[in-house]
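Computed from a predicted structure; not experimentally measured. In what follows, residues are counted from 1 in the order of the sequence shown. Remember, it's 1-based here, ligands and their atoms both numbered in the order they're listed.
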Amino acid sequence: MPIETTATVVAEVPDDADLLAVPYSADLQTARPVELHLPVRDLLAHYEAKGEAGEIVEVPVARAGGVGRVLLFGVGDGSPRALRKAGAALTRRVKGRDRLTVVTPEGDVAAFAEAALLAAYSFKIGESGKKAVRTLAFAGADEQAVRRAQTVAQAVALARDLANTPSSVKNPAWLAERAAESGVAVRVWDEEQLQADGFGGILAVGRGSASPPRLIQLSYTPDEPADRHVVLVGKGITFDSGGLSLKPTENMKTQKTDMAGGAVVIAVLGALARLGARVKVTGLVAAAENMPSGTAQRPSDVITHYGGRTVEVLNTDAEGRLVMADALAYADAVLDPDAVVDIATLTGAISVALGRNVGAVYASDDVLAKQLLEAGEVTDDRLWRMPLIDDYTPALESSIADLSNVEAGSRFGAGSITAALFLREFTGGRPWAHLDIAGVGRSTVDEGTLSKGATGFGVRVLLEWLTRA
Ligand code: BES
Ligand code: MN
Ligand code: ZN
């Protein structure tokens with residue numbers, strides 16, 4: 001479900017707004033574009049308000065039809081992070097209401113509005129719970145900033161929806177249909193075409209499933225000729241049971257979101273035109289369902305990737321790198337990109353290292369790493385750079401193939417790093433970055449801009465990077 005809340009801009013604050021939000025800062029001063037006829041300072045002092053972001057003091061006021069409410073909301077230090085927290089808190093407070101008029105705070109309006117919209121997201125199958133506020137009217141806000149916020153928030157919501165959809169509905173062909181609705185040109189390889197072109201990794205992972213795999217390519221071309229071509233590659237495992245290296249139930253039940261990276265790629269490609277991106281962007285989603293069956297690949301099988309590299313599959317649960325390797329090799333051989341960024345729920349190990357709030361970025365190129373880290377900081381899709389430690393490359397040696405997909409023993413460990421090193425083998429030395437979002441791809445809390453389930457992590461950082469450069 002897309003976000004059903006609409007953000008609009010109004011020039012002035014109506015005197016008689018039933019529900020009005022007014023910001024105040026840490027020194028308990030309110031913005032005063034409107035006469036509130038309230039002893040604001042005394043009220044804030046009475047409620048022991050501190051001015052922190054997320055703090056809301058609710059005051060009943062007389063209105064023609066009865067009682068209205070003024071929500072005094074703290075904006076902390078006014079930083080984008082604080083404004084996000086304040087925006088999300090407001091939306092959550094006015095659940096079920098028709099319209100909230102907001103006296104727009106000073107600072108990053110796009111961040112404020114975006115967070116307010118994201119906090120309205122929920123994924124429900126069937127009718128239950130209170131609906132989010134229908135309209136957020138930002139008084140005196142910059143229209144362009146609010147429009148951008150709306151576009152970005154809807155893209156995040158789309159990525160969440162795709163990842164939250166149960167795998168009984170969401171198979172590789174379904175994902176390809178959703179990609180075709182994104183508004184950009186789409187090409188899809190079915191099983192036969194994958195076979196003909198030699199995508200051995202995607203085929204091997206998909207072999208155990210009744211729903212055959214797909215490779216999905218989405219192409220965005222800006223109006224003006226572009227001087228840069230970026231390829232985004234997303235992991236599109238529509239369900240990861242582990243395959244014959246079967247996962248236990250506890251680990252398996254979250255794995256409908258194992259296509260979160262692919263969902264981000266689809267959502268980003270769909271939003272580029274509306275944001276006026278000036279780079280050429282090609283998206284690749286390597287989609288397969290990883291299932292055990294009589295036709296599934298076995299631990300010890302050797303597969304041949306796009307371009308001819310062979311891999312010994314020692315663990316069928318390390319399937320993400322197998323589908324990604326094909327797409328990365330294809331991007332290098334055919335698409336001639338200036339930079340490649342892949343995004344994948346690749347390893348449980350990264351959530352051990354970085355937890356649930358910060359995503360990992362690996363990069364073969366320092367400039368690319370720096371750009372992504374900065375974009376992450378600005379958008380709140382926070383990233384931390386992880387090292388590609390060359391000493392660990394022997395972990396992926398195989399005695400019978402060019403590589404193995406996991407370490408045979410346990411000498412090296414570092415599961416997220418060795419997975420990144422595996423991917424690097426297929427990038428042809430191009431400027432490349434890899435986002436491991438296994439930790440941040442889902443949320444266990446319904447709080448702030450997050451709702452339980454898929455987070456859409458990656459949409460905001462990639463859109464920022466692709467549209468502000
Ligand atoms: N999809 C999983 C990674 C994952 C784990 C994502 C938890 C989200 C939450 C991936 O395909 C996987 O199974 N990785 C294995 C790799 C191992 C077999 C080397 C893992 O992390 O255990
Ligand atoms: Mn797996
Ligand atoms: Zn997986």
Side-chain angles (χ1 to χ4, degrees), residues 163-164 167 170 172 175 201-202 204-209 213 233-264 285-292 296-300 311-327 342-360 386 392 395-396 398 403-423 434-444 452-458:
N164 281 329
S167 300
K170 171 179 64 188
L175 202 58
I202 298 173
V205 172
R207 265 181 53 181
S209 172
V233 180
K235 171 174 172 181
I237 299 299
T238 60
F239 188 72
D240 182 12
S241 71
L244 286 175
S245 311
L246 197 66
K247 287 182 186 293
T249 304
E250 271 314 298
N251 299 352
M252 199 190 295
K253 69 187 186 192
T254 59
Q255 293 297 322
K256 70 172 182 183
T257 57
D258 207 21
M259 37 56 76
V264 167
V285 180
E289 187 182 41
N290 189 23
M291 296 290 263
Q297 67 170 336
R298 310 155 191 81
S300 79
V311 167
E312 183 181 13
V313 179
L314 294 178
N315 188 325
T316 64
D317 197 12
E319 84 298 338
R321 63 197 77 181
L322 301 179
V323 300
M324 297 295 280
D326 272 0
D342 78 65
I343 178 161
T345 46
L346 206 62
T347 67
I350 198 58
S351 44
V352 177
L354 296 180
R356 303 197 147 276
N357 290 11
V358 179
M386 292 285 291
Y392 299 167
L396 302 170
S398 161
L403 290 166
S404 68
N405 77 327
V406 294
E407 185 183 359
S410 55
R411 184 173 150 222
F412 295 97
S416 176
I417 296 174
T418 51
L421 290 169
F422 180 92
L423 295 183
H434 157 58
L435 309 184
D436 191 340
I437 58 162
V440 290
R442 0 178 356 110
S443 169
T444 55
K452 268 191 189 149
T455 60
F457 186 103

> Output the list of atoms in ligand 1 that are nearer than 4.0 Å to some heavy atom of Asp258, sorted by atom number.
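Selected atoms, number and element: 1 (N).
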> Answer with yes or no whether Lys235 contacts ligand 1, where contact means a heavy atom under 4.0 Å from a ligand atom.
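The answer is yes, since Lys235 has a heavy atom less than 4.0 Å from ligand 1.
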> Is a donor from one side chain sitting under 3.5 angstrom from an acceptor on the other, for Ser404 and Ser398?
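No pair is found: no donor N or O on one side chain lies under 3.5 Å from an acceptor on the other.
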> Does Arg321 reach the side chain of Thr347, with side-chain heavy atoms less than 4.5 Å apart?
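Arg321 vs Thr347: side chains touch.
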> Donor-acceptor pair, Arg356 side chain versus Arg442 backbone, under 3.5 Å?
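Such a contact is found between Arg356 side chain and Arg442 backbone.
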> Tally every protein N/O/S atom whose distance to the Mn ion (ligand 2) is less than 2.8 Å; waters are neither shown nor counted.
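My tally for this metal is 4.
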> Contact between Pro299 and Leu244 at the side-chain level, heavy atoms closer than 4.5 Å - yes or no?
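Yes, at least one pair of side-chain atoms sits under 4.5 Å.
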> Would you say Gly348 has any N or O atom under 3.5 Å from an N or O of ligand 1, going by distance alone?
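Yes.
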> State which residue, out of Leu346, Ile417, Leu322, fulfils the side-chain contact (heavy atoms from CB on, under 4.5 Å) condition with Phe422.
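Going through the options one by one, the only one that passes is Leu322.
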> Between Gln297 (side chain) and Val313 (backbone), is there a donor-acceptor pair under 3.5 Å?
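No; judged by distance alone, with no hydrogens or angles, the pair does not exist.
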> Using a 4.0 Å cut-off to any heavy atom of Thr345, which atoms of ligand 1 qualify?
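Those atoms are 1 (N), 2 (C), 3 (C), 6 (C).
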> Are Met252 and Leu246 side-chain neighbours, meaning at least one heavy-atom pair lies under 4.5 Å?
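Result yes, sub-4.5 Å side-chain heavy-atom pair found.
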> Does ligand 1 have any atom that is closer than 4.0 Å to a heavy atom of Lys247?
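It does; at least one heavy atom falls under 4.0 Å.
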> Got an N/O contact under 3.5 Å between Asn315 and ligand 1?
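N/O-N/O distance under 3.5 Å: no.
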> Of the listed options (Ala438, Gly242, Gly439), which comes nearest to atom 6 (C) of ligand 1 when hydrogens are ignored and any heavy atom counts?
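Checking each option, the heavy atom nearest atom 6 (C) of ligand 1 is found in Ala438.
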> Is any side-chain heavy atom of Arg207 closer than 4.5 Å to a side-chain heavy atom of Arg298?
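Result yes, sub-4.5 Å side-chain heavy-atom pair found.
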> So, applying side-chain contact (heavy atoms from CB on, under 4.5 Å) with Met259, which one of Leu175, Ile237, Val264, Asp240 is it?
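The residue from Leu175, Ile237, Val264, Asp240 that satisfies side-chain contact (heavy atoms from CB on, under 4.5 Å) with Met259 turns out to be Leu175.
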> Does the side chain of Thr345 reach to within under 4.5 Å of the side chain of Phe457, using non-hydrogen atoms?
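Of all side-chain heavy-atom pairs linking Phe457 with Thr345, none is under 4.5 Å.
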> Restricting to distances shorter than 2.8 Å, give the number of protein N, O or S atoms close to the Zn ion (ligand 3).
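Excluding waters, the total comes to 4.
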> Among all the protein's non-hydrogen atoms, which is closest to atom 10 (C) of ligand 1, and how far away is it?
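It is Leu346 O, 3.3 Å.
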> Can you report which non-hydrogen protein atom sits closest to atom 12 (C) of ligand 1, along with the distance?
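Going atom by atom, the protein heavy atom closest to atom 12 (C) of ligand 1 ends up being Asp317 O, 3.3 Å.
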> If we ignore hydrogens and angles and just use 3.5 Å, is the side chain of Asp342 paired with the main-chain N or O of Val233 as donor and acceptor?
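Pair absent, no side-chain N/O of Asp342 close to backbone of Val233.
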> Atoms of ligand 1 less than 4.0 Å from Val406 heavy atoms?
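With Val406 as reference, the close atoms of ligand 1 come out as 19 (C).
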> What's the shortest heavy-atom distance between Pro172 and Ala288, and which atoms?
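Heavy-atom minimum between the residues: CG-CA, 3.7 Å.
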> What atoms in ligand 1 come closer than 4.0 Å to a heavy atom of Glu319?
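Counting atoms of ligand 1 from 1, those under 4.0 Å from Glu319 are 11 (O).
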> Would you mind checking which non-hydrogen protein atom is closest to atom 2 (C) of ligand 1, with the distance to 0.1 Å?
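Of the protein heavy atoms, Asp240 OD2, 3.5 Å lies nearest.
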> Ile237: heavy atom below 4.0 Å from ligand 1, yes or no?
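No.
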> Less than 4.0 Å between atom 22 (O) of ligand 1 and some protein heavy atom, yes or no?
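Under the 4.0 Å cut-off, atom 22 (O) of ligand 1 has no protein heavy-atom neighbours at all.
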> Looking at Glu289 and Lys170, is any side-chain nitrogen of the basic one under 4.0 Å from a carboxylate oxygen of the acidic one?
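So Lys170 does not pair with Glu289 through a salt bridge.
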> When you measure from the side chain of Asn405 to the backbone N and O of Val311, does any donor-acceptor pair fall under 3.5 Å?
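No; judged by distance alone, with no hydrogens or angles, the pair does not exist.
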> Does some non-hydrogen atom of Thr254 fall short of 4.0 Å from ligand 1?
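No, Thr254 has no heavy atoms under 4.0 Å from ligand 1.
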> Give the residue and atom name of whichever protein heavy atom lies nearest to atom 9 (C) of ligand 1, and the separation in Å to one decimal.
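The answer is Gln255 NE2, 3.4 Å.
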> Do Asn290 and Gln255 make a side-chain contact, defined as non-hydrogen atoms from C-beta onward lying under 4.5 Å apart?
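When only atoms from C-beta onward are counted, Gln255 and Asn290 do not touch, as no gap falls below 4.5 Å.
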> What I'd like to find out is whether the side chain of Asp258 reaches to under 4.5 Å of the side chain of Glu319, using heavy atoms alone.
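In short, these two side chains touch, coming nearer than 4.5 Å.
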> Around atom 16 (C) of ligand 1, find the nearest protein heavy atom and jot down its residue, atom name and distance.
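Scanning the protein heavy atoms, the shortest distance from atom 16 (C) of ligand 1 goes to Arg321 NH2, 3.9 Å.
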